[in-house]
Protein chains: 2
Amino acid sequence: MSYDPSAFPPFAVTVDLVVLTVRRHSLCALAVRRGEPPFQGRWALPGGFVREDEDLTQAAARELLEETGLRAHDPAVPAEPPQDNGAHLEQLATYGDPGRDPRMRVVSVAHLALAPDLPAPRAGGDAGEARWAPVEELLHPSGPEQDAPLAFDHAGILADGVERARSKIEYSSLATAFCPPEFTVGELRRVYEAVWGVALDPRNFHRKVTGTPGFLVPTGGTTTRQGGRPAQLFRAGGATLLNPPMLRPEV
Amino acid sequence: MSYDPSAFPPFAVTVDLVVLTVRRHSLCALAVRRGEPPFQGRWALPGGFVREDEDLTQAAARELLEETGLRAHDPAVPAEPPQDNGAHLEQLATYGDPGRDPRMRVVSVAHLALAPDLPAPRAGGDAGEARWAPVEELLHPSGPEQDAPLAFDHAGILADGVERARSKIEYSSLATAFCPPEFTVGELRRVYEAVWGVALDPRNFHRKVTGTPGFLVPTGGTTTRQGGRPAQLFRAGGATLLNPPMLRPEV
DNA sequence: GCAAAAGTGTTTTACTTACACCCATGG
DNA sequence: CCATGGGTGTAAGTAAAACACTTTTGC
């Protein structure tokens, strides 16, 4: 059965990525510099067109791989074949204001990715330059030209992604996506502190996360990479939903 | 600056609606019967193409008005001009599998609407027939031809919408969107019971909702429409986030 | 009076918070 | 030996679950 293309307006569909990581005690997002108009020279979120034969999630995973080398673990696909790097990828929201792209009507399906600190940003195919920037700098730019507001409506998309991450680590085990495969309770606590921008009591945090069933499983190893007394190493447990949830201190 | 249309594949973009209400103690969704192939004669979610000049939210609000007569209150627009019917509308998720529509590549931006019981379904422009159906019947069809599975991937979209509603009434005041402008604590409790499919203790529920700041404001009136002792009438308070949240009993 | 729904009080239990205190390592 | 981070114990406050009990209507 064929279909009359004049019956509906054609759209371009893209995926944009909010890729978050924790570096040096602060929450950072991946930004790429635009090499062409519009917004040439300005920072933007990585992204690109969805191809004819691929799913939205596949398109997001492909862009993530191209821009960062990260192979995401799709929560919708239980068995992940080769090796994902533990990065988490999920759909965030869709942005389709007419005029959000001056060239034409573009609908962007934004995705949220959470990654451990390890990878250095690598220049993808399209982007000549990429960097990890503290989200505060990107959302509240103040200073040199380099800190101009993000292109398009990307500041709003980034803000939505940050808010999603902040709320989701409350009731899910997603914070472990910011950690390497093995990590200490203190490292996990510093993730929460960076994402939420608060200080947490180390003693109560320790009791809470080790007492939440399925959150953490000890590997048996210890490390002293943070200094002080050796700390137990943990892997992420099977639980995805935390019960009871972590409580974010009042503002 | 013009743009080369051959550089990207063209998509059709639609909005599909998960419209939920509580009728006769059970959670129901709006379904329309398809008048043309594919899936002719099968039930589907209401929806339609996004127009050239409208935002995604506008498109969803337009479809909701056409299908139900409901004028939605958009949380993103603080001041709502004439009269919304108290219906809530928000973006749910976007579905873009190649092959989800056999005719062509369609990306659907699904929206979730919550409405009070009042309206009888009215046949919209496209749809010849519409009905409120218990979500259990739509998701787990068993019986006559009328209960065949929903068209396209709409069963999955509906399931996602129901799950969103179930979790969101835990920590937000959204349950009031299922109630008329003035309602009793018992009516609100029956909303929670229908959406969650559980029984709640009326005494503890009463204490909890009246004790949560900003959730309910008494209007001064009382009603006896439920039988028994007259109950105070309330309006929805200004709070959107509930603290502490309502707790859904374990399964 | 009786059924039915509204609303209050009380007890038990669970969890959070705040903070005192001890442990094990590197320098 | 001391600074640093890891980890345990404990008491006070807060909130949820369970349930006895009173209130106010319609019939």
Side-chain angles (χ1 to χ4, degrees), chain A residues 24-25 169-171 179 182-194 196 198-235 239 241-251, chain B residues 24-25 169-171 179 182-194 196 198-235 239 241-251:
Chain A
R24 285 176 289 110
H25 241 240
I169 64 174
E170 290 188 53
Y171 57 88
C179 296
E182 297 201 352
F183 53 89
T184 69
V185 171
E187 288 163 349
L188 183 63
R189 175 171 50 79
R190 281 180 278 276
V191 164
Y192 275 91
E193 291 178 330
W196 284 343
V198 298
L200 300 174
D201 185 304
R203 288 89 46 114
N204 292 334
F205 183 88
H206 185 278
R207 203 190 343 263
K208 178 102 183 216
V209 297
T210 54
T212 298
F215 194 5
L216 302 182
V217 297
T219 66
T222 61
T223 183
T224 177
R225 60 182 172 231
Q226 299 292 340
R229 168 176 167 180
Q232 284 184 77
L233 285 169
F234 294 87
R235 285 183 296 104
L241 257 43
L242 302 184
N243 196 300
M246 304 297 298
L247 290 188
R248 170 157 41 161
E250 307 287 321
V251 188
Chain B
R24 286 176 289 111
H25 241 240
I169 64 174
E170 289 187 53
Y171 58 89
C179 296
E182 297 200 350
F183 54 88
T184 68
V185 171
E187 289 165 348
L188 183 63
R189 175 171 48 81
R190 280 180 279 277
V191 164
Y192 275 91
E193 292 178 330
W196 284 345
V198 298
L200 299 174
D201 184 305
R203 290 99 32 128
N204 291 334
F205 183 88
H206 185 280
R207 202 192 344 264
K208 179 99 184 219
V209 295
T210 56
T212 298
F215 194 4
L216 302 181
V217 297
T219 66
T222 61
T223 182
T224 174
R225 62 183 171 229
Q226 299 293 337
R229 169 177 168 179
Q232 285 185 77
L233 284 170
F234 294 86
R235 284 183 298 103
L241 258 41
L242 302 184
N243 196 300
M246 304 296 299
L247 289 189
R248 169 155 45 160
E250 307 287 320
V251 188

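Treat the numbers as computed from the prediction; the structure is a model and nothing was measured. By convention in this document, chain letters (A, B, ...) are assigned in the order of the sequence lines, proteins followed by strands, and residues within each chain are numbered from 1.
If you check every strand for non-hydrogen atoms under 4.0 Å, A:Arg189 touches sugar and phosphate atoms only.
The CE atom of A:Met246 sits 13 Å away from the C1' atom of C:dC15 (whole-angstrom rounding). Residue B:Leu188 contributes atom CG, which lies 12 Å from atom P of C:dG7 at whole-angstrom precision. Rounded to whole angstrom, the span from the CD atom of B:Gln232 across to the C1' atom of C:dA5 amounts to 14 Å. Rounding to whole angstrom units, CD of residue B:Gln226 and P of C:dA6 are separated by 7 Å. Distance, A:Phe205 CZ to C:dC19 C1': 19 Å, rounded to whole Å. For B:His206 and D:dA18, the NE2 to C1' distance is 18 Å, given to the nearest whole Å.
When the shell of 6.0 Å around CZ of B:Arg225 is examined, it contains more than 12 heavy atoms from other residues, nucleotides or ligands.
Two residues are said to be in side-chain contact when any heavy atoms from C-beta on lie closer than 4.5 Å; B:His206 and B:Thr210 meet this criterion. The shortest distance between side-chain heavy atoms of B:Asn243 and B:Thr212 does not fall below 4.5 Å. Side-chain contact between B:Met246 and B:Phe205: present, with at least one pair of heavy atoms (C-beta onward) separated by less than 4.5 Å.
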Please walk me through it: do B:Leu233 and B:Thr184 pass side chain to side chain contact (heavy atoms under 4.5 Å, CB included)? CA-CA 5 Å; B:Leu233 284 170; B:Thr184 68; 3.9 Å; yes
Inset, instruction - Give the intermediate values and the outcome of side chain to side chain contact (heavy atoms under 4.5 Å, CB included) for residues A:Leu188 and A:Leu216. - result: CA-CA 10 Å; A:Leu188 183 63; A:Leu216 302 182; 4.2 Å; yes
B/S/- along nucleotides 19-27 of chain D (protein heavy atoms under 4.0 Å) is BBB-BBB--
Expected string for nucleotides 11-16 of chain D under the B/S/- scheme (protein heavy atoms, under 4.0 Å, primed atoms plus P, OP1, OP2 as sugar-phosphate) is -----S
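Looking at B:Glu193, its side chain does come within 3.5 Å of a backbone N or O of B:Leu200 through a donor-acceptor pair.
Scanning both residues, B:Pro245 and B:Lys208, for their nearest heavy atoms gives O-NZ, 2.7 Å.
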